[in-house]
Amino acid sequence: MTSTSDSPGAPARPRGPVWAGRNYSLLTAAAIVTSLGANGSLIAAAFAVLDAGGDAGDVGLVAAARTLPLVLFLLVGGAVADRFPRHRVMVAANALNFLSQGAFAALVLAGEPRLWQMMLLTALGGTGQAFFSPAAEGMLLSSVSGDQAGRAFAVFRMAMQGAALGGAALGGALVAAVGPGWVLAVDAAAFAVAGTLRSFLDVSHVPPRAPGGGMLADLRDGWREFTGRPWLWGIVVQFSIANAVLGAADAVYGPLVARDSLGGPGPWGLALGAFGAGTAAGALLMTRWKPRRLLFVGTLCVFPLALPSAALAVPVPVGVLYVVMFAAGTTVEVFGVSWMTALHQEIPEEKLSRVSAYDWFGSVCLLPLATALAGPAEEAFGLGPALWGCAIVIVVVTAAVLLVPDVRNLTRRTVPVTAQPTTASPDAERSAGGLG
């Protein structure tokens, strides 16, 4: 017998969860593709520099060349993404990344790339990322609604981190087998595929942007939104420092330890893959777990992020490193999902990209300095002490942010903010049910 839901006049049965709409599905598929390529390319870029005769300082300079334009253009990118259709900004950024990464691959495959050439091409990639990231986060946050938003973000991050697992492990193996140039070429192709997927995003549901006072007015408005929330700027300051030392550890010190003590790029790729597997496991956990005190629980789960640097400082056997990386990935993903849920419920949709730009800017502003100084710090203090310093800094700044009352007290709710005075005090927000 044919069920009533299959009869001609009945509504179509949804093929997936109600929160997994067309935009969400396209964004998730594109993120999987780019995550596969990007995590392999991080390893490939470091070993391309080392294979060309570079040292720790050169690896740090190339990493800094990517993050410097990210810092310079992020705020402009956020304002652009709230002023123009976000999907067009994302596609244009993906096109720039495709061209720059493709040129980087060709340069490495041709043999004997020069340091300034690698720095220039990675800088172009960082510029694309500066415009892409605020637009992408705003698009994702606006693609879901209701009390299932946290689960949607967890599933998205689980898919992306699962791809990161495969990308890092496969990237390390391919660098060892065929060299970094081909891995960079795969990453370029991934940007092309992802940009094509994102070109099909539908923004008809987004209300037209009200005429504003120009780019500077948009930036000032985003700044007021950002500084008016102690939980927001407090955590961004925390991660500006934590991400800086993590960037030095991952981009510079990790490959050096891998070369000297772990057996080369293959084991290091597997270690990064273990971290990716941990983040996928953490995202899976967050599809079921909805902690009420979002940021308090999330911040507690940042402390284990110090463990990989400590493990590399010893250094521990490679099997132990895999376990440590998996554990750190699992716990930090609890924070990641909680953070996205907090932004979704507290920030008005029309200001998501601008606020996201300040978030990204704060999170990466110290990366160029940290990666550029990583090599000199290793020469001055030694590789082990430099890594121990990274671990200690993460613990200290994470403990410090717990002193902010709103970080401890912000609670989950199911209805996102639609409008909110940017000059409201924390007490005023609390009376509206946002905090405590």
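- Minimum interatomic distance between V33 and A190 (heavy atoms only, all atoms of both residues): CG1-O, 3.4 Å.
- The shortest side-chain heavy-atom distance between F303 and L402 falls under the 4.5 Å cut-off.
- Judged purely by atom type and a 3.5 angstrom limit, D187 has no side-chain atom pairing as donor or acceptor with the backbone of S41.
- Looking at S309, its side chain never comes within 3.5 Å of a backbone N or O of A306 through a donor-acceptor pair.
- Residues Y322 and P267 are in side-chain contact: their nearest non-hydrogen atoms beyond the backbone lie under 4.5 Å apart.
- A donor-acceptor contact closer than 3.5 angstrom links the side chains of W339 and D359.
- Proximity of C390 to Y253: side-chain heavy atoms (C-beta onward) are separated by under 4.5 Å at one or more points.
- Distance CH2/W268 to CG/L321: 6.5 Å, rounded to 0.5 Å.
- Atom-to-atom distance recorded for D260:CG and L383:CG is 7.5 Å, nearest 0.5 angstrom.
- A heavy-atom distance below 4.5 Å is found between the side chains of L232 and L343.
- Contact annotation: the side chain of V186 never approaches that of W182 to less than 4.5 Å [non-hydrogen atoms, C-beta and beyond].
- Contact check for W223 versus V355: no side-chain heavy atoms found under the 4.5 Å cut-off.
- R229 contributes a side-chain N or O that, together with a main-chain N or O of E225, makes up a donor-acceptor pair within less than 3.5 Å.
- Side-chain atoms of T122 come within 3.5 Å of backbone N or O of M119 as a donor-acceptor pair.
- A pairwise comparison of heavy atoms in V91 and G195 identifies CG2-O, 3.5 Å as the closest pair.
- Checking side-chain atoms of N97 against main-chain N and O of F191 turns up no donor-acceptor pair under 3.5 Å.
- In this structure, R293 contributes its side chain and R408 its backbone to a donor-acceptor pair below 3.5 Å.
- Between atom CG of residue L36 and atom CD1 of residue I32 there is a gap of 7.5 Å, rounded to the nearest 0.5 Å.
- A centroid separation of less than 6.0 Å is found between the aromatic rings of F335 and F239.
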Between V297 and W289, does the side-chain contact (heavy atoms from CB on, under 4.5 Å) criterion hold? Intermediate values first, please. CA-CA 11 Å; V297 172; W289 185 30; 3.4 Å; yes
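- Note that CE of M286 and OG1 of T279 are 13.5 Å apart. Values are rounded to the nearest 0.5 Å.
- The aromatic rings of F226 and Y358 sit parallel, their planes meeting at an angle under 30°, below the 60° perpendicular limit.
- In this structure, the separation between CG on L201 and CG on L26 is 5.5 Å, given to the nearest 0.5 Å.
- A donor-acceptor contact shorter than 3.5 Å links the side chain of T331 to the backbone of A328.
- For R88, the CZ atom sits in a loose shell: 12 or fewer heavy atoms of surrounding residues, nucleotides or ligands are nearer than 6.0 Å.
- Without hydrogens or angle criteria, Y24 side chain to F156 main chain gives a donor-acceptor distance under 3.5 Å.
- A donor-acceptor pair is defined here as one N or O able to donate and one able to accept, closer than 3.5 Å; no such pair exists between the side chain of T398 and the backbone of V395.
- Contact record, G128 with A93: O-CB, 3.2 Å, taken as the closest heavy-atom pair.
- In this structure, the side chains of L307 and M325 stay at 4.5 Å or more apart for every pair of heavy atoms.
- A distance of 9.5 Å separates CD of E333 from OG of S338, quoted to the nearest 0.5 Å.
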Evaluate the criterion side-chain contact (heavy atoms from CB on, under 4.5 Å) for residue pair E346 and W231; output intermediate values, then yes/no. CA-CA 11 Å; E346 298 294 326; W231 61 269; 3.7 Å; yes
Take T287 and L284 through the test side-chain contact (heavy atoms from CB on, under 4.5 Å) and record every step on the way to the result. CA-CA 5 Å; T287 63; L284 178 61; 4.1 Å; yes
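- Under the 3.5 Å distance criterion, the side-chain polar atoms of Q345 are matched with a main-chain donor or acceptor of T411.
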Chi angles and distances behind the ring pair (Phe, Tyr, Trp, His ring centres under 6.0 Å) call for F73, F132: CA-CA 10 Å; F73 296 115; F132 173 83; over 10 Å; no
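- Using a 4.5 Å heavy-atom threshold, the side chains of P291 and R412 count as touching.
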After noting the C-alpha distance and the side-chain angles of V62 and D58, does the key distance pass the side-chain contact (heavy atoms from CB on, under 4.5 Å) rule? CA-CA 6 Å; V62 171; D58 295 331; 5.8 Å; no
